[in-house]
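Just so you know, these numbers come straight off a predicted model, no measurement behind them. Atoms within a ligand are numbered from 1 in the order they appear, just like the ligands themselves.
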Amino acid sequence: MAAPRARREALVLGNWKMNGDAASAEALLAGVQAGARDLPGVAGVCPPYPYLALAAARLAGSGVAWGAQDVSAFEDGAYTGEVSARMLVDLGCTWTLVGHSERRTLFGDTDAEVVRKTTRALAAGLVPVVCVGETLAEREAGATEAVLARQIDAVCPVLRDAGERCVLAYEPVWAIGTGLTASPAQAQAAHAFIRARLASGGVVAAPGLRLLYGGSVKPSNAVELFGQPDVDGGLIGGASLVAADFLSICRAAAGRS
Ligand code: 13P
C-alpha cells in the first residue's frame with residue numbers, strides 16, 4: 001500500500017526503559033530539550049514513571065513530547081502498583097507504549113491485555129503506541145507475517161475509531177538490545193505488511209498512521225531505515241539514553257525523503 005509520505009510526519013520516541021536515576025534523567029532531558037529546538041514535533045521521550053513529572057517540567061513548550069512505557073488495563077480502583085491512563089494524562093503525557101515485547105515476554109501481557117490497555121489509553125485521550133514484532137524463532141520458522149497478523153488483528157477493532165490518533169511500532173524481538181538490526185528491506189516488508197493488515201482489518205486511517213521501527217537503531221543505521229517508504233520514524237532504546245545519539249537519530253527521521 002503506497003501512501004504518500006508527506007501525510008505522515010516523522011516521529012522518534014526514546015524508550016528509556018528502567019534505566020538511570022533522577023540525576024541522569026535530568027541531564028538527558030536537558031540535552032534532548034536543548035538539541036531538539038530545530039526539530040519541533042519529531043522527538044518524544046518515554047522515561048520511567050517516576051520521572052514523568054520531571055519530563056513535564058523540563059519539556060513543556062519545547063516541542064518534545066513525553067509519554068509512558070506502559071499503562072494499566074484497568075480504569076481505576078484496587079489495582080496495587082498500576083498506573084492509570086488518566087494519571088498519565090494528568091502528567092501531560094501524549095503517548096503510552098502498549099504491548100512492548102518486554103511486557104509481552106517478561107510480564108505476560110497477552111494480545112487481549114494489549115487490547116484492553118489500548119482501549120484505556122484511547123478513552124483517556126492518550127495516543128497508544130502499539131508494539132508488535134516476532135521472535136527469532138518465529139522469523140526462522142517463517143512465521144513473521146502470521147505473528148504480526150495475530151497481533152495486529154487483535155487491536156484492529158479498537159483502532160478503527162481512533163482515526164490517526166494511534167501509532168504502531170514494529171520491533172522484531174531479535175533486534176532489541178542485541179545490536180542486530182532488521183535490514184532496511186526487512187523493516188520495509190514488515191511495515192508494508194502491517195499497514196496493509198490494518199487496512200484490511202477496517203482501520204481506514206492506515207495510510208496516514210505512523211509506523212515506527214525499533215530494534216538497535218543507531219545514528220549509523222537510522223538514515224537507511226528511515227529512508228524506507230513505510231518507515232515513519234523509530235522507537236529507540238539504548239541509543240535514546242545518549243542525547244547526542246538520540247538527536248542524531250531524530251535528525252535522520254526529520255530529513256528522510
Ligand atoms: P534498542 O534500541 O536498545 O534495541 O531497544 C529497542 C526497543 O525496545 C525500544 O522500545
Side-chain angles (χ1 to χ4, degrees), residues 10-20 24-25 28 31-32 42-49 51-52 55 64-71 88 93-109 114 117-118 121 126-136 138-139 144 147-148 151 155 166-184 186-187 190-191 194 210-226 228 231-253:
L11 179 66
V12 178
L13 297 180
N15 175 10
W16 294 6
K17 307 192 180 182
M18 196 178 75
N19 288 294
S24 65
L28 191 46
V32 171
V42 175
V45 294
C46 298
Y49 288 135
Y51 306 129
L52 283 171
V64 179
W66 58 96
Q69 298 173 15
D70 193 23
V71 65
L88 298 178
C93 289
T94 299
W95 327 94
T96 182
L97 307 186
V98 180
H100 189 280
S101 75
E102 287 149 19
R103 300 297 322 172
R104 291 179 190 260
T105 58
L106 301 174
F107 302 100
D109 282 18
V114 171
K117 290 181 174 188
T118 303
L126 294 169
V127 177
V129 179
V130 180
C131 305
V132 298
E134 81 288 358
T135 64
L136 184 59
E138 289 164 341
R139 175 163 283 268
T144 297
V147 171
L148 295 178
Q151 294 172 334
V155 286
C166 64
V167 171
L168 278 290
Y170 170 60
E171 297 204 307
V173 180
W174 48 272
I176 296 178
T178 58
L180 296 174
T181 315
S183 69
Q186 285 173 323
H191 282 225
I194 290 166
R210 276 143 351 144
L211 306 188
L212 313 183
Y213 169 79
S216 298
V217 179
K218 304 181 267 290
S220 58
N221 59 22
V223 170
E224 226 190 335
L225 285 163
F226 299 157
Q228 302 303 305
V231 180
D232 305 308
L235 181 53
I236 317 304
S240 76
L241 300 173
V242 178
D245 288 354
F246 181 62
L247 291 163
S248 160
I249 293 167
C250 291
R251 279 190 287 274

Glu171, any N or O under 3.5 Å of ligand 1 N or O: yes
Hey, does the side chain of Gln151 reach the backbone of Leu148 with a donor-acceptor pair shorter than 3.5 angstrom? no
Check: Gln69/His100 side-chain N/O donor and acceptor closer than 3.5 Å: no
Is the closest side-chain donor-acceptor distance between Glu134 and Tyr170 under 3.5 Å? yes
Below the 3.5 angstrom mark, is there an N/O of Ile236, backbone or side chain, next to an N/O of ligand 1? no
Check each heavy atom of Asn15 against ligand 1 and say whether those closer than 4.0 Å belong to the side chain, the backbone, both or neither. side chain
Under a 3.5 Å distance rule, please check whether Arg104 uses its side chain to pair with a backbone N or O of Cys131 as donor and acceptor. yes
Tell me which protein heavy atom sits closest to atom 2 (O) of ligand 1, plus the residue, atom name and distance to 0.1 Å. Gly237 N, 2.9 Å
Should Lys17 be listed as contacting ligand 1, given a heavy-atom distance under 4.0 Å as the test? yes
Counting only pairs under 3.5 Å, give me each side-chain donor-acceptor contact of residues 236-249, with atom names and distances, residues two or more places apart or in other chains.
from   : atom 1 : to     : atom 2 : distance (Å)
Ser240 : OG     : Ile236 : O      : 3.2
Ser240 : OG     : Gly237 : O      : 2.7

Looking at Asp70 and Arg103, does any basic side-chain N land under 4.0 Å from a carboxylate oxygen? yes
Can you check whether Thr181 reaches Leu225 side chain to side chain, under 4.5 Å on heavy atoms? yes
Any nitrogen or oxygen of Glu102, side chain or backbone, less than 3.5 Å from one on ligand 1? no
How does Ala169 reach ligand 1, by side chain, by backbone, by both or by neither, if only non-hydrogen atoms under 4.0 Å count? neither
Within-cut-off N or O pair, Gly238 and ligand 1, under 3.5 Å: yes
Ile176, any N or O under 3.5 Å of ligand 1 N or O: no
Any heavy atom of Ala175 sitting closer than 4.0 Å to ligand 1? yes
For ligand 1, is Ala239 a contact, meaning one of its heavy atoms is under 4.0 Å away? no
